[in-house]
Number of protein chains: 4
Amino acid sequence: MIDFERELAASQADIGLVPRSAADAIAAGAARLSRDVELLGRAGRDAGNPVGPLVRALEEASGEDAARFVHFGATSQDVMDTAAMVVGRRAGGIIIGDLIGAAEFCARLADGHRHVVMVGRTLLQHALPTTFGLKAAGWLVGLTDAAANLSRVLTERLALQLGGAAGTAASLGPHAPAITARLGDRLGLRVPPMPWHTDRVRPAELAAALAIVAGTGSKVALDVILLGQSEVAEVLESSGAGHGVSSTMPHKHNAIDSVTAVAAARRAVGLSGIMMSAMSQEHERAAGAWHAEWQTLTELIRASGGVAAHVRSAMGSLTVDADRMYSNLMRTRGAIMSERVMLDLTPELGRTHARQLVGGAVRRALEEDRSLREVLDGEKEVTACRTSEQLDVLCDPVTYLGTSDQSIDNALAQYESYRASSGREA
Amino acid sequence: MIDFERELAASQADIGLVPRSAADAIAAGAARLSRDVELLGRAGRDAGNPVGPLVRALEEASGEDAARFVHFGATSQDVMDTAAMVVGRRAGGIIIGDLIGAAEFCARLADGHRHVVMVGRTLLQHALPTTFGLKAAGWLVGLTDAAANLSRVLTERLALQLGGAAGTAASLGPHAPAITARLGDRLGLRVPPMPWHTDRVRPAELAAALAIVAGTGSKVALDVILLGQSEVAEVLESSGAGHGVSSTMPHKHNAIDSVTAVAAARRAVGLSGIMMSAMSQEHERAAGAWHAEWQTLTELIRASGGVAAHVRSAMGSLTVDADRMYSNLMRTRGAIMSERVMLDLTPELGRTHARQLVGGAVRRALEEDRSLREVLDGEKEVTACRTSEQLDVLCDPVTYLGTSDQSIDNALAQYESYRASSGREA
Amino acid sequence: MIDFERELAASQADIGLVPRSAADAIAAGAARLSRDVELLGRAGRDAGNPVGPLVRALEEASGEDAARFVHFGATSQDVMDTAAMVVGRRAGGIIIGDLIGAAEFCARLADGHRHVVMVGRTLLQHALPTTFGLKAAGWLVGLTDAAANLSRVLTERLALQLGGAAGTAASLGPHAPAITARLGDRLGLRVPPMPWHTDRVRPAELAAALAIVAGTGSKVALDVILLGQSEVAEVLESSGAGHGVSSTMPHKHNAIDSVTAVAAARRAVGLSGIMMSAMSQEHERAAGAWHAEWQTLTELIRASGGVAAHVRSAMGSLTVDADRMYSNLMRTRGAIMSERVMLDLTPELGRTHARQLVGGAVRRALEEDRSLREVLDGEKEVTACRTSEQLDVLCDPVTYLGTSDQSIDNALAQYESYRASSGREA
Amino acid sequence: MIDFERELAASQADIGLVPRSAADAIAAGAARLSRDVELLGRAGRDAGNPVGPLVRALEEASGEDAARFVHFGATSQDVMDTAAMVVGRRAGGIIIGDLIGAAEFCARLADGHRHVVMVGRTLLQHALPTTFGLKAAGWLVGLTDAAANLSRVLTERLALQLGGAAGTAASLGPHAPAITARLGDRLGLRVPPMPWHTDRVRPAELAAALAIVAGTGSKVALDVILLGQSEVAEVLESSGAGHGVSSTMPHKHNAIDSVTAVAAARRAVGLSGIMMSAMSQEHERAAGAWHAEWQTLTELIRASGGVAAHVRSAMGSLTVDADRMYSNLMRTRGAIMSERVMLDLTPELGRTHARQLVGGAVRRALEEDRSLREVLDGEKEVTACRTSEQLDVLCDPVTYLGTSDQSIDNALAQYESYRASSGREA
């Protein structure tokens with residue numbers, strides 16, 4: 001908000017509407033202004049927003065001569081909305097940094113574990129073989145897409161608000177367009193086609209992008225928590241000494257970063273809903289819906305930012321137990337290969353009979369605690385048309401990984417392309 | 001879902017994996033398949049989704065020879081997710097048509113009423129003069145931005161899902177990439193870098209875009225309702241005989257399209273929240289969050305589509321009462337010009353004194369039911385530095401409209417550019 | 001949280017498990033403990049909650065001998081959940097005080113304005129006559145019901161949490177039930193049938209009751225804003241000097257209390273949704289959903305409390321303009337009496353014909369700017385069966401107020417009964 | 001809605017306002033009225049609600065003489081709101097039946113498995129021993145509390161709506177209170193202190209109670225899904241042939257009832273938020289918020305009802321594998337007993353040293369794949385103060401179950417008391 005007032009005066013000085021000395025005095029006043037947020041908040045109650053008290057404080061700090069040029073021609077909503085956009089851009093940049101940081105770790109996990117086979121789980125049940133590399137590639141695509149979406153909003157959609165009390169900018173006089181252009185430049189915000197007071201598409205797009213960051217991060221965190229369960233133990237989040245440790249239960253390895261990310265994501269999604277439902281704003285300034293956005297956007301930025309930071313930390317500390325992944329995969333003794341065996345036998349046996357035969361074999365294998373491979377050896381219809389070597393291959397998860405390798409390459413390429421375009425180091 | 005199965009077989013025939021005759025038989029079966037949704041729904045309960053019963057019905061309808069090529073290598077989630085994307089694209093296209101229709105009406109209102117002055121209202125109180133053209137231009141920008149955002153999602157983000165049970169596409173065999181490319185083409189969907197089973201950024205982006213459509217439309221509708229209040233009566237929504245009429249209260253003019261749009265928008269925003277919170281999905285297929293999306297997305301599309309259609313209808317039928325706008329504007333007898341008089345007197349009187357003097361004049365004018373112009377005539381400090389002609393101008397709302405004209409032009413240009421790029425007729 | 005630790009030690013001393021001197025030392029330590037919330041928050045990151053750092057600080061503050069009795073047998077969730085319940089009860093009590101304060105003002109408005117006729121508005125259109133007393137009675141019933149519901153939750157549903165790490169209370173030893181009973185007594189909380197770690201019905205009920213407070217308050221505030229619109233001007237919220245005043249637009253009377261209440265209510269409803277969606281908690285302690293509750297409940301209490309306080313302030317300052325209400329009522333020159341005239345003529349003319357005749361008369365009256373009464377004088381079918389005196393009565397809004405008086409009495413009686421049962425002064 | 005119209009006429013006949021023959025004709029007309037909901041919906045678009053078309057259809061069906069007594073004195077909102085309450089009561093009764101059904105199964109599980117030890121899990125990590133009986137008792141308390149809360153709303157808070165267009169009941173004439181009393185009786189709904197048109201506490205309370213049902217049910221379902229994971233395999237949901245079976249992956253046991261319950265609960269919570277946010281309704285009838293409730297409440301009832309029904313089904317079919325629970329519990333070879341050993345050694349060793357010593361022992365045990373009991377044998381400080389028999393007990397999970405038994409008894413007693421008071425058979 002202080003930046004807005006300082007740069008507004010400077011913009012007006014640029015075109016000669018305000019003496020440069022006054023703009024300088026306002027900048028000096030802004031620099032020494034107290035940041036006592038609670039005081040401003042209390043003082044702003046009667047007017048319904050904190051801009052009046054801030055302007056009065058800035059007038060005082062800027063000295064008598066400059067005072068009348070403070071906040072010249074602006075309205076409270078100009079300050080609040082523009083400040084929200086500036087905060088959104090700054091915080092958004094940090095969040096993107098964390099997302100790229102998390103994505104970079106995922107990229108390394110994906111690339112480095114492309115041959116680490118593990119079980120794919122659907123509805124939390126063993127389904128088919130996959131690789132940990134592919135799982136990490138899936139995380140990577142989600143994080144990259146969420147970051148790219150947020151980047152787009154930050155770059156293309158965050159815009160200056162400057163329209164005066166009713167959006168006509170009449171109080172800014174005939175130079176309003178020139179002031180607007182300069183102020184946009186100075187604050188690094190887009191200049192909108194017109195003041196957007198009660199057109200809330202911009203804040204809503206920001207809120208949605210932040211919620212999507214949270215949702216994506218939450219999926220990654222949830223997977224880490226589930227993979228780290230005592231019975232699964234395929235990954236371990238271990239962000240350093242004391243992290244996730246219980247004083248009375250030393251056997252626990254709590255995935256605290258991931259748990260915190262899940263919690264923050266739940267909050268972010270709900271907070272984003274408040275922003276969305278506040279889009280319906282009356283006439284030239286809303287009677288409540290606008291006011292509901294302020295604290296909500298702040299909390300939403302914190303929550304989504306928390307998700308990104310904690311997921312980055314979790315990804316950076318992840319220990320992967322490839323042996324355990326393999327032993328979990330083999331727990332059902334080959335039953336997870338049933339789909340492949342069925343598909344392979346379908347030409348000879350027909351779909352229905354292949355299903356029945358393999359289904360029966362799987363059930364027998366599980367009941368008798370034998371491997372599917374062994375049971376198939378006793379199935380004459382199977383051995384009649386497949387050699388022992390063929391059956392070995394059919395029952396080997398390592399040979400049934402489909403496009404996982406290409407998918408990893410695609411995900412890495414997409415990430416690298418986004419990262420490069422973002423101009424950031426990994 | 002049927003389209004998915006038909007085009008999957010056709011894609012597999014394209015590359016020689018499935019006999020063309022089988023693909024044709026499946027297409028023929030698909031054409032005559034019963035659309036008894038309730039039956040499929042009930043039959044799908046045991047498996048947790050309706051794909052199994054649909055596949056069985058299609059197998060039967062396709063004849064014995066083709067049956068085993070139905071749904072070949074696909075998993076339920078491939079069908080459901082791809083179908084959601086196809087439905088999203090089709091329904092999204094209709095919604096964009098309605099948004100452009102509504103925007104076109106707004107454009108005409110903005111252009112045609114750029115000189116119709118009215119009062120701008122903040123917190124539902126008279127604030128400053130504006131024009132109805134500017135108000136309509138604000139609606140136009142909101143609708144255009146929401147449509148452009150949805151267009152972007154439809155074009156760039158809706159993608160095919162084809163990954164088999166665990167996202168490895170192993171069941172599709174070595175030709176999975178070729179099948180995927182062809183199926184994407186046939187269904188008009190993007191081919192993603194990898195299967196996106198539990199990466200829900202895409203459905204979330206669609207949901208967010210639909211919620212933003214609803215939120216924007218709701219703002220327009222709310223303004224219409226407020227402007228049509230019995231005491232305000234500046235616009236009238238009148239979509240034809242019987243519309244908004246009460247049988248026992250013939251004096252009422254209910255803005256039924258706008259009311260319905262507001263109602264649908266409330267639903268859309270809430271439904272979109274369900275989609276957002278469902279992004280956190282376990283491993284390779286979620287245990288509930290995915291299932292929560294299906295009905296929700298359908299309802300969300302209906303609700304947002306309802307908003308767009310009703311706003312279009314409201315905009316198309318809007319009657320604007322320019323005289324009433326002017327008489328409402330003048331209700332406070334010039335008090336709304338106080339900001340301008342203050343700003344104008346500030347150089348001579350200083351900001352603080354100008355505020356006090358004009359504030360006092362306004363209060364007196366309101367108490368004594370006189371015009372601000374009259375009261376200012378009795379203020380010596382004012383008449384000492386402003387001529388009577390100058391005061392006439394200062395108190396005339398028609399001369400205090402700032403950038404409203406340019407804003408309208410900008411809004412029209414932005415809309416026209418989007419519309420042209422969308423390839424649609426207005 | 002400090003209260004929990006202090007009273008836990010005291011309860012354990014009550015039954016001889018902990019030396020009384022140790023409990024006293026803990027109480028003394030608690031009294032001088034630093035309340036540096038940010039420090040605790042940061043220190044709690046590694047463990048995922050702030051209880052560990054708090055306990056260590058309390059151990060230190062309690063002295064070497066007492067240290068080992070601090071937090072004895074308790075788990076983090078015992079502290080956090082019980083603290084949430086204690087905070088809920090205390091804050092809830094304040095909120096109920098504000099609700100009763102607001103309700104008391106409504107009761108006076110209802111009773112004092114029972115004969116002040118005004119127009120009832122449906123879909124923001126003039127519908128039928130009503131009284132301001134009845135409108136205030138409607139507010140009163142909403143506030144009373146919301147307060148009674150919250151009271152019920154505070155009294156019957158807020159319960160102690162004490163179960164140790166897995167809800168078995170094994171760490172508390174064989175005296176767990178005795179400790180629980182004493183601790184419940186000391187903290188003024190119910191003793192639940194069993195630890196409720198991941199059974200979140202209690203926090204959900206609290207959240208729902210707070211959301212309902214917010215929703216009800218929001219309805220009242222919205223009515224105040226709408227009634228205070230420049231064109232309506234039937235009520236004025238005026239909470240004292242400087243309240244709702246704009247420095248540059250002195251003609252405005254912003255209903256700042258009501259606007260703030262509407263804003264807070266939007267936040268409260270969204271925050272309550274986060275609490276509701278967090279009910280689904282894993283096993284014996286949730287991996288994120290529980291953590292999402294903490295900050296959310298705090299904010300929800302603040303938001304709902306803000307609604308109650310601002311509605312109380314708005315109600316206490318409300319100025320009612322009965323003349324304006326009457327003149328607004330008469331704006332449609334009797335057209336709002338059409339329902340009654342129709343109903344009255346139905347026996348003679350039949351429902352259909354009565355509707356057509358009166359509908360036509362209303363339309364003519366509005367078009368020709370005459371009163372309905374005048375137009376009816378020219379309708380032979382009407383004058384054939386009704387005398388001039390009868391028509392005067394039929395067209396007089398003051399005689400068509402139905403049960404408004406009895407409704408006010410019922411509302412007052414219900415409020416008084418609740419207030420008396422709450423043991424509070426109005 | 002039809003019931004409302006029929007019983008309204010009957011109530012008016014009761015007090016002589018309407019001929020009994022007309023009321024009978026209306027009842028006969030109601031019985032043969034078409035239930036073409038889509039047709040009514042379309043016909044109701046112009047008026048914004050379907051009551052008008054329904055009334056016209058009923059007029060026609062009732063015959064010429066009775067037609068004018070159809071819907072006499074009522075307004076659309078009377079019909080819609082009362083119908084919502086009637087539907088809420090009927091559907092709510094079914095939901096309570098399912099909740100009691102589910103609770104009864106939980107009660108049997110709790111009672112029958114009170115000695116089945118299993119591991120308690122916090123943050124999805126092994127924490128301390130508990131029993132499956134206690135876990136089921138926790139489910140039982142949640143379901144009982146949710147059912148009791150819903151019962152309370154159904155019995156005490158569902159109320160008739162009858163107020164005419166503006167809530168004054170003027171159109172009902174002087175007998176309005178008598179009609180209201182009779183209609184309440186006939187429909188089995190409470191008679192409110194006054195019409196509650198825009199006081200939405202009642203629908204909000206119903207929505208909140210339904211969301212709490214969903215949230216509670218979702219917790220139970222989530223536990224079942226987690227306990228049924230391939231690696232955990234402690235329970236199996238098996239609702240009959242074909243249930244949860246995958247045609248291509250016969251080794252899977254999908255917990256389809258639980259998955260469906262989780263999905264429905266996600267929807268219910270979001271839908272309930274729409275209801276809550278719709279509480280803010282304008283004047284005497286809302287311009288959109290009211291209309292947003294209709295479809296939402298219907299869907300919410302379905303979703304919460306779906307949760308209750310599927311949880312009942314899951315609970316009724318649950319297979320519990322006590323051996324597996326024990327072997328999972330013992331997986332960490334006694335490490336989960338560390339808390340108890342620490343607490344036990346604290347008097348001799350002090351809290352800090354006891355933690356260090358036992359923590360070290362646990363880490364060594366896990367690293368060396370030995371049992372905690374074995375490692376403790378080598379700790380001189382331990383063997384110096386505890387006998388071998390004492391250490392056996394300290395390390396035996398079966399002896400560290402705290403109040404689990406009493407908790408189960410309390411939960412059963414609370415359930416039984418609610419069930420008895422509900423007048424339902426289990």
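Chain letters run A, B, ... following the sequence lines, proteins first, then strands; residues in each count from 1.
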message: If the contact rule is any heavy atom under 4.5 Å from chain A, which residues of residues 340-349 of chain B qualify, in numerical order?
response: B:Leu343, B:Thr346, B:Pro347
Heavy-atom proximity to chain B below 4.5 Å, by part of A:Glu339: side chain
message: Does any backbone or side-chain atom of A:Ala67 lie under 4.5 Å from a heavy atom of chain B? Answer side chain, backbone, both or neither.
response: backbone
field: Side-chain donor or acceptor of A:Thr403 paired with backbone N/O of B:Thr168 under 3.5 Å
entry: yes
field: Per-residue contact mode, A:Arg121 against chain B (heavy atom under 4.5 angstrom)
entry: both
message: Just to be sure I understand the criterion: a residue of residues 406-414 of chain B counts if one of its heavy atoms is under 4.5 Å from a heavy atom of chain A. Which ones qualify?
response: B:Gln406, B:Ser407, B:Asn410, B:Ala411, B:Gln414
message: Which atoms of A:Arg152 are under 4.5 Å from chain B, going by heavy atoms: the side chain, the backbone, both sets, or neither?
response: side chain
- request: Let me know if A:Glu205 has heavy atoms under 4.5 Å from chain B in its side chain, its backbone, both or neither.
  value: both
- line: In short, salt bridge (Lys or Arg N to Asp or Glu O under 4.0 Å) pairs touching residues 126-137 of chain B with sequence neighbours left out are A:Glu284-B:Lys135, B:Lys135-B:Asp223
task: Please assess A:Glu282 against B:Lys219 for the test side-chain contact (heavy atoms from CB on, under 4.5 Å), listing each intermediate value before the final yes or no.
output: CA-CA 7 Å; A:Glu282 297 94 350; B:Lys219 187 270 181 291; 6.0 Å; no
- prompt: So which part of A:Arg157 gets closer than 4.5 Å to some heavy atom of chain B, the side chain, the backbone, both or neither?
  reply: side chain
message: Shorter than 4.5 Å, heavy atoms on both sides: which option in A:Thr180, A:Leu401, A:Asp405 has the most such pairs with chain B?
response: A:Leu401
query: Quick one: does A:Met276's side chain get under 4.5 Å of B:Ile212's, heavy atoms only?
result: yes
query: With sequence neighbours excluded, what pairs up with A:Tyr400 under the ring-ring contact (aromatic ring centres under 6.0 Å, His included) test?
result: none
task: Begin from the C-alpha positions of A:Leu123 and B:His283 and carry the test side-chain contact (heavy atoms from CB on, under 4.5 Å) through to its verdict.
output: CA-CA 8 Å; A:Leu123 285 69; B:His283 292 319; over 6 Å; no
query: Quick one: what part of A:Ala286 sits under 4.5 Å from any heavy atom of chain B, side chain, backbone, both or neither?
result: backbone
